Amino acid sequence: ETQSQKCPTRPSTHTEPVRASEYPRKNAEILSGQYGTNLLLIGAALMLAIAHHDPAVREEHLLSFASCLMLLQLLWMMWYILVRERQDNTRTERDVHATTCWIRGGLTLLALLSLIMDAFRIGYYVGYRSCVSAVLGVFPVIHATHTIAQVQFLWFHIKDVIKCYETFERFGVIHAVFTNLLLWCSGVMSEAEHFLNNHKRRLSALGYQNLTIEHSEPNCNCTTSTCSMFSSSLYYLYPFNIEYHIFVSALLFVMWKNIGRNLDLSSNRKRKVTKTQGLTLGPILGLLALASTIGILVVYITHVEKSLQMRQSAISMFYIYGIVMLVVMCCAGASGLVIYRVNHKPLDTSKNPSRQLDTELLFSSSIGSWFMSWCSVVAVLSTHSRPPYRWTNLIYSLLIVLEKYVQNLFIIESLYRQQENAERENQELPAAPEIFSVTSSLAPPYNGIINRAYETPERVCVAMETEQEESGQMYRCPRKPSEVPMGVGTKGEEAPNIKRQILKNIAVLLIMCNISLWILPAFGCRPQYDNGLEQETFGFSIWTTVLNFAIPLNLFYRMHSVASLFEVFRRV
């Protein structure tokens with residue numbers, strides 16, 4: 001029995017209602033989704049107990065649970081690859097929209113930084129191995145193995161549309177999705193706890209509050225001289241590890257949605273990348289924004305821990321910088337929307353799980369910063385204190401809401417615009433290439449008498465060249481310089497080219513600005529902790545809880561926007 005008989009391809013069911021045979025697939029989706037959700041909830045329960053510093057639940061328990069999940073995912077990926085190797089005779093369907101080379105390249109870079117973090121963890125364990133659990137040394141080894149195997153899987157199998165063993169594969173893919181989500185949550189918790197302890201230490205040094213600082217160092221001396229370096233360097237690598245796991249979970253979720261899917265061949269085509277000429281203003285402004293971001297980050301970190309006056313000036317500087325950055329981004333996004341609305345192009349309504357997930361993630365991850373911004377607005381309008389950055393904080397918070405609103409619209413408008421390449425390909429086809437035939441591709445070759453008066457010039461040239469070559473003569477037909485027919489004048493072509501160049505410059509500028517706005521909170525520039533306005537209104541515990549929820553979502557939003565804007569740049 002051949003593999004094609006084992007895994008039959010179901011016919012397309014775009015217009016017919018859901019049949020009885022579709023219900024097992026829906027049940028498998030629901031069961032696998034509930035399985036993955038409960039895995040994440042078990043890990044969340046362990047993390048909450050660890051955050052409460054319950055002596056019965058320690059970090060080793062969470063690391064052991066995560067290690068078991070990673071080992072199970074490794075076994076599933078090994079099984080999947082072995083099964084695919086046995087199916088050499090069958091052609092695996094692939095979704096070309098699932099990911100791109102530059103996304104996988106970016107994930108590979110994040111994975112390399114995660115491997116460096118695992119090496120630092122192993123070095124940290126070696127220094128304290130006499131008084132810490134062996135799990136702290138085993139976990140980074142398993143995590144490094146898991147990272148290498150997962151990157152290899154993403155490069156070669158993430159576009160696969162699974163049609164065999166669908167129920168089992170659904171559980172395997174969703175297990176991988178929620179394993180990465182759990183590792184993301186664990187990294188977010190560790191990074192947030194580290195930043196909160198630094199914030200408490202800073203407040204105590206300035207005399208604002210006498211807060212209890214939790215010490216996480218082991219109760220023994222390090223046997224090497226590099227333990228402090230490893231410990232401090234870990235938290236500079238956490239942002240990259242966090243972004244790695246959340247992006248992997250998003251890609252694997254697209255693969256889970258593609259299981260058993262019947263691809264629409266008309267829309268499942270690789271798009272041509274347009275030329276990048278005319279990119280000047282966008283990259284220049286983007287590099288300027290990135291350079292100013294590095295300067296703001298250095299000045300803020302060095303000044304916020306000093307005197308009250310320098311602290312207030314550093315916070316005011318951040319808000320002024322943020323206002324300028326957000327105004328530029330709002331204007332750029334609005335200009336792109338105007339260009340799209342002027343061009344009345346039809347929308348692409350074909351089914352695309354990757355694009356649908358991008359849209360949902362943009363909106364869902366915006367909730368965190370929107371909630372944080374509205375809390376800041378309430379705090380500014382209700383507090384009695386009068387710091388110099390009070391009203392700049394209000395303007396900055398309102399612009400955060402507006403900027404994400406405009407940017408989301410611009411990205412979604414771009415992703416759902418129909419490609420011009422497909423339209424041009426259809427327009428370039430001859431109206432009647434052959435007589436008495438439905439399509440030229442389906443018509444069989446005819447060896448009888450041919451009336452070349454009814455043929456297109458291209459086919460006449462090809463036929464004449466073939467006959468001349470067979471008879472030993474050389475004949476060359478004139479070739480067209482371009483496949484696209486040129487108009488009489490060039491004015492009709494200039495407007496679309498100018499619009500495409502403007503849109504590409506806007507996309508590059510927004511990419512660089514989103515990277516800049518990711519760098520600041522990822523590496524410690526978080527004035528929401530330091531300005532005191534929200535803390536005075538909501539209290540220390542409530543406001544830190546809001547920040548622990550909102551800031552990770554905001555970081556993910558910025559990095560996901562970068563990925564979506566790269567796709568926008570590629571599609572223009």
Side-chain angles (χ1 to χ4, degrees), residues 279 281-286 288-290 292-293 318-345 347-348 355-377 380 392-418 498-521 528 550-551 553-572:
L279 287 178
L281 186 59
I284 290 174
L285 292 178
L288 181 62
L290 191 60
S292 61
T293 298
F318 173 87
Y319 283 128
I320 294 172
Y321 156 83
I323 289 171
V324 174
M325 181 81 74
L326 293 173
V327 167
V328 172
M329 295 176 70
C330 287
C331 293
S335 302
L337 282 174
V338 170
I339 293 175
Y340 278 128
R341 296 302 168 90
V342 170
N343 274 348
H344 299 287
K345 295 285 185 182
L347 295 180
D348 184 7
R355 183 175 58 192
Q356 182 181 359
L357 180 63
D358 285 339
T359 304
E360 294 171 353
L361 289 178
L362 282 173
F363 280 113
S364 59
S365 57
S366 299
I367 294 175
S369 58
W370 281 342
F371 182 54
M372 185 170 58
S373 297
W374 289 119
C375 287
S376 298
V377 170
V380 169
T392 52
N393 186 7
L394 175 65
I395 299 173
Y396 174 81
S397 301
L398 293 175
L399 283 174
I400 282 285
V401 177
L402 179 63
E403 182 271 329
K404 291 195 174 182
Y405 193 89
V406 173
Q407 182 171 270
N408 290 344
L409 286 178
F410 173 71
I411 293 174
I412 294 169
E413 185 87 10
S414 303
L415 295 180
Y416 277 86
R417 283 280 168 171
Q418 198 170 44
I498 293 174
K499 290 176 181 178
R500 282 196 294 269
Q501 289 178 7
I502 294 174
L503 289 172
K504 282 186 174 291
N505 279 278
I506 289 173
V508 172
L509 174 61
L510 291 178
I511 287 170
M512 303 297 284
C513 290
N514 278 278
I515 291 175
S516 300
L517 294 178
W518 177 83
I519 289 174
L520 289 175
Q528 297 85 2
I551 290 179
L553 286 179
N554 183 45
L555 290 173
F556 170 69
Y557 172 84
R558 292 301 175 189
M559 193 57 69
H560 182 66
S561 297
V562 170
S564 300
L565 287 165
F566 264 116
E567 182 68 15
V568 170
F569 176 82
R570 197 171 67 95
R571 288 173 60 93
V572 171

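Here the structure is a predicted model, which is why all the values come from computation and not from measurement.
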* Structure fact -> side-chain contact (heavy atoms from CB on, under 4.5 Å) filter on Val338, not counting sequence neighbours, yields Val342
* With sequence neighbours left out, what residues match Gln407 under side-chain hydrogen bond (donor to acceptor under 3.5 Å, both in side chains)? -> Asn514, Tyr557, Ser561
* Heavy atoms only: give me the nearest Ala507-Val568 pair and the separation to one decimal. => CB-CG1, 4.5 Å
* Summary of salt bridge (charged side-chain N to carboxylate O under 4.0 Å, His left out) pairs that have at least one residue in residues 505-514, sequence neighbours excluded -> none
* To do: Sequence neighbours left out, what passes side-chain hydrogen bond (donor to acceptor under 3.5 Å, both in side chains) with Ser365? Give chain and number order.
  => none
* Structure fact -> dist Thr392:OG1 -> Phe318:CZ (nearest 0.5 Å) comes out at 10.5 Å
* Asked: Which residue pairs pass the salt bridge (charged side-chain N to carboxylate O under 4.0 Å, His left out) test with at least one member in residues 332-342, sequence neighbours excluded?
  -> Arg341-Glu413
Can you give me every donor-acceptor pair (side chain of residues 320-335, partner residue at least two apart or in another chain, under 3.5 Å) with its distance?
residue: Tyr321; atom: OH; partner: Thr293; partner atom: OG1; Å: 2.4
residue: Ser335; atom: OG; partner: Cys331; partner atom: O; Å: 2.7

* **Counterpart residues, side-chain hydrogen bond (donor to acceptor under 3.5 Å, both in side chains), relative to Tyr396 (two or more places apart)** => none
* **Side chain proximity check, Phe569 to Leu565, heavy atoms < 4.5 angstrom** => no
* Determine which pairs satisfy salt bridge (charged side-chain N to carboxylate O under 4.0 Å, His left out) with at least one residue from residues 319-339, sequence neighbours left out, and list them in order. => none
* OH (Tyr340) with more than 12 external heavy atoms under 6.0 Å -> yes
* Those residues that, when tested against Ala563, pass side-chain contact (heavy atoms from CB on, under 4.5 Å) (two or more places apart) -> Trp102, Phe247
* **Any pair counted as salt bridge (charged side-chain N to carboxylate O under 4.0 Å, His left out), so long as it reaches residues 359-369, sequence neighbours left out** => none
* Asked: Can you name the side-chain contact (heavy atoms from CB on, under 4.5 Å) partners of Thr359, sequence neighbours left out?
  -> Phe363, Ile412, Tyr416
* With Trp370 via side-chain hydrogen bond (donor to acceptor under 3.5 Å, both in side chains) - residues at least two apart -> none
* **Pairwise distance CD1(Ile339) to CD1(Ile506) - rounded to 0.5 angstrom** => 5.0 Å
